[in-house]
S.K.: 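Just passing along the structure, written as structure tokens.
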Amino acid sequence: MEHKVIDTSDVVIRFAGDSGDGMQLTGTLFANMSAVYGNGLATFPDYPAEIRAPKGTVAGVSGFQVHIGSHKVNTPGDFCDMLVAMNPAALKANAKWLKRNATVLVNADAFDEVGMNKAGFSGNPFEELHIEDRNIICAPITKLTEESLKDSGLDNVALHKCKNMFTLGMACFIYSRPLEYIYDYIEKKFSRKHPEMIAPNRKVVFDGYNYAANIQAVADTYRVAPARLDAGTYRNITGNQAAAWGLIAAAEKAGLPLFCGSYPITPATSILEELAIHKNLNVKTMQTEDEIAGICCAVGAAFAGNLAVTTTSGPGLSLKSEALGLAVMTELPLVVIDVQRAGPCTGMPTKTEQADLNEALYGRNGESPMVVIAAHSPAHCFDTAFMAAKIALERMVPVLMLSEGFLGNGSEPWRIPSMSDYPEIHPNYVPSGCDAYKPFERDAETFSRKWAVPGMSGFEHRVGGLEKNHAGVLSNDPDNHELMVRERAAKVAAVASMIPELKVEGEESGGILIVGWGGTYGHILSAFEELRNEGRKVSFAHFDFICPLPANTEEVFRRFRRIIVCELNSGQFASYLRSMLPGHEYLQCNRIQGQTFLVKDIVDCINENA
């Protein structure tokens, strides 16, 4: 059979198997290798929602989708060109994501009677799933791995853990990926503690590559050229890692120590873990006993003069609500990062959603406004965390940054910036020489109070949850309470002066404006570009700043007949816009399945409402 190498602009691969099959690592290595190669890239890890779901069941399937391109990639892709299924359950859970001409690589050794029964198959799985017309490769991956490593001295448990590396080698051949990055990773991973594992892992990757090269089922291979990206040094980065680094950069710019007090919670835990690595950068972390302790110690750290942070997900944000009110009342700089997941309650902990917006905006007692901003891609989490810290420190206000499981766990190439590219951060300290310090006396334009930290002689004052007057004296006076409530709200509204105006892609006015916020950005942008290529006159605006809204939002909305709001909830941002900017026709495009949008969903919604 003649072998052809086909140049293609995009490839989407989905690796799937049991949690112990190493599919997350396989996908991550393939993605990182592609980032080093220079491809545009987006990833979507899809973890099982149950803890230790029974092995071999659909509920226990773990997936990792990688989209590589010869251009900038906005989404992990709707449907895949290749599915790697390590067992029948993985095939069953992911067959719906196959393209019509997709390749399906399965571990034939796992398709025994036990595996088939656990997945719920009664006969031929490919016929039952109606995918028998795809290019199906049934490879005895378990036996091939055993044969590859029969002289390695590894026991069966360690040997079978290498199946994913054999599969990775096959994928590298099919998609023309160089093996040098994988070899470098193996060297770094095992050189210190387990050098005996280097040779076996290198061999099994190489043998998987050669096996794919020799079997006739893989007649054609594919090549995705590097993308033309802006000049610079790039690395692959996850959203949680980017958020941690953005906070570190902000602390450096502000000349402050960084303190993070947090309780581990999926999918936010890795922010705390990443920060804990960087003690050499003046970062202090405290893993607390619960969510309440996490935010309370962060409020204390803010009072003490730190850039204070706490991280969480939706259930933890609920527990933090009273202390959030304390941060609002004390008017201390605090950054709260909420990496959203599907709820309510425990919900689906590993699945993504945008349903915490109402909680972020209103989830506190009393009149308790906070600044709310949102990241729109994994790399953008760096800029968003940096901006959250800048707003908090310069305006003396708690800031709630919304991320999502899709962003926190997903990754994309990130051009490593120079610190000179980022603005200075000037904490709003009491000026030296101030004679009559009043802790809650405000700037006339920003309504922010000055920050006096312990050790600043002559500026001692009380903070706490009780209402005070400008002098910092406890007050139950009705007029003072109304004044302070209105001033705290005015301080949040005044943040609009330091955020960019809303940008419109496409026509500046017309019939339809597509609107989104947070992690829907890449999917809406792809849908917008597809519609424009079809000749549709549509426009697109994305919100990174939610409370307050950009100053020109009303002026932008007036120029369009219909506004279609796309979000991964039942319509929370649409409702917020209706309350803040009434008089416009708001339509909705919603998805609440613990999954990201499909670009097709958005395109169909726009066409239906045109």
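On a predicted model such as this, the values are computed, not experimentally measured, just so you know.
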S.K.: Are Arg488 and Glu482 close enough for a salt bridge, meaning some N to O gap below 4.0 Å?
M.R.: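 Answer for the salt bridge query: no.
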S.K.: Taking 4.0 angstrom as the limit, do Arg486 and Glu367 come out as a salt bridge?
M.R.: no
S.K.: May I ask you to decide if the ring planes of His278 and Trp245 are parallel, tilted or perpendicular, using 30° and 60° as cut-offs?
M.R.: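 Aromatic pair His278/Trp245 classed perpendicular.
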S.K.: May I ask you to check whether Ser377 and Glu412 show a side-chain donor-acceptor distance below 3.5 Å?
M.R.: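 Yes, a side-chain donor-acceptor pair sits under 3.5 Å.
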S.K.: Mind listing the closest non-hydrogen atom pair of Ala251 and Leu307 along with its distance?
M.R.: N-CD2, 3.7 Å
S.K.: Check the angle between the aromatic planes of Tyr429 and Trp451 and answer parallel, tilted or perpendicular using the 30° and 60° thresholds.
M.R.: parallel
S.K.: Under 3.5 Å, side-chain donor or acceptor atoms of residues 394-402 against the rest of the protein: list the pairs with distances, not counting sequence neighbours.
M.R.:
residue	atom	partner	partner atom	Å
Glu394	OE1	Lys390	NZ	3.3
Glu394	OE2	Lys390	NZ	2.8
Glu394	OE2	His426	N	3.0
Arg395	NH1	Ala494	O	3.1
Arg395	NH2	Ser497	OG	3.1

S.K.: Just say parallel, tilted or perpendicular for the rings of His380 and His376, cut-offs at 30° and 60°.
M.R.: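 Parallel.
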S.K.: Given Glu331, which partner from the list Lys468, Arg442, Arg449, Lys450 fulfils the side-chain hydrogen bond (donor to acceptor under 3.5 Å, both in side chains) test?
M.R.: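 The single option meeting the side-chain hydrogen bond (donor to acceptor under 3.5 Å, both in side chains) with Glu331 is Arg442.
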S.K.: Should we say atom NZ of Lys438 is surrounded by more than 12 heavy atoms from elsewhere, each under 6.0 Å from it?
M.R.: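 Counting other residues, nucleotides and ligands, NZ of Lys438 stays at 12 neighbours or fewer.
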S.K.: Checking side-chain polar atoms at under 3.5 Å, does Asn469 have a donor or acceptor matched by the opposite partner on Asn480?
M.R.: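 Asn480 and Asn469 do not have a side-chain donor-acceptor pair below 3.5 Å.
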S.K.: Given His470 and Glu487, is the side chain to side chain donor-acceptor pair (under 3.5 Å) satisfied, shown in steps?
M.R.: CA-CA 11 Å; His470 284 177; Glu487 286 183 342; 2.8 Å; yes
S.K.: Which of these, Asp46, Thr352, Leu568, sits in a side chain to side chain contact (heavy atoms under 4.5 Å, CB included) with Gln595?
M.R.: Asp46
S.K.: Relative to the ring of Phe543, is the ring of Phe573 parallel (under 30°), tilted (30 to 60°) or perpendicular (over 60°)?
M.R.: perpendicular
S.K.: Verify the neighbour count for atom CD of Glu322: are there more than 12 heavy atoms of other residues, nucleotides or ligands below 6.0 Å?
M.R.: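 Not buried by this count: 12 neighbours or fewer within 6.0 Å.
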S.K.: What closest approach, in Å, do Ile425 and Pro427 show between heavy atoms, and which atom pair accounts for it?
M.R.: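 For Ile425 versus Pro427, the nearest heavy atoms are O-CD, 3.3 Å.
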S.K.: Between Tyr586 and Phe557, what is the ring plane arrangement, given parallel below 30°, perpendicular above 60°, and tilted in between?
M.R.: perpendicular
S.K.: Pairing donors with acceptors under 3.5 angstrom, does anything connect the side chains of Gln588 and Asn590?
M.R.: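 On atom types as modelled, these side chains qualify, holding a pair under 3.5 Å.
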S.K.: Which pair of non-hydrogen atoms, one from Pro267 and one from Pro349, has the smallest distance, and what is that distance?
M.R.: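 Closest heavy-atom pair between Pro267 and Pro349: CD-O, 4.1 Å.
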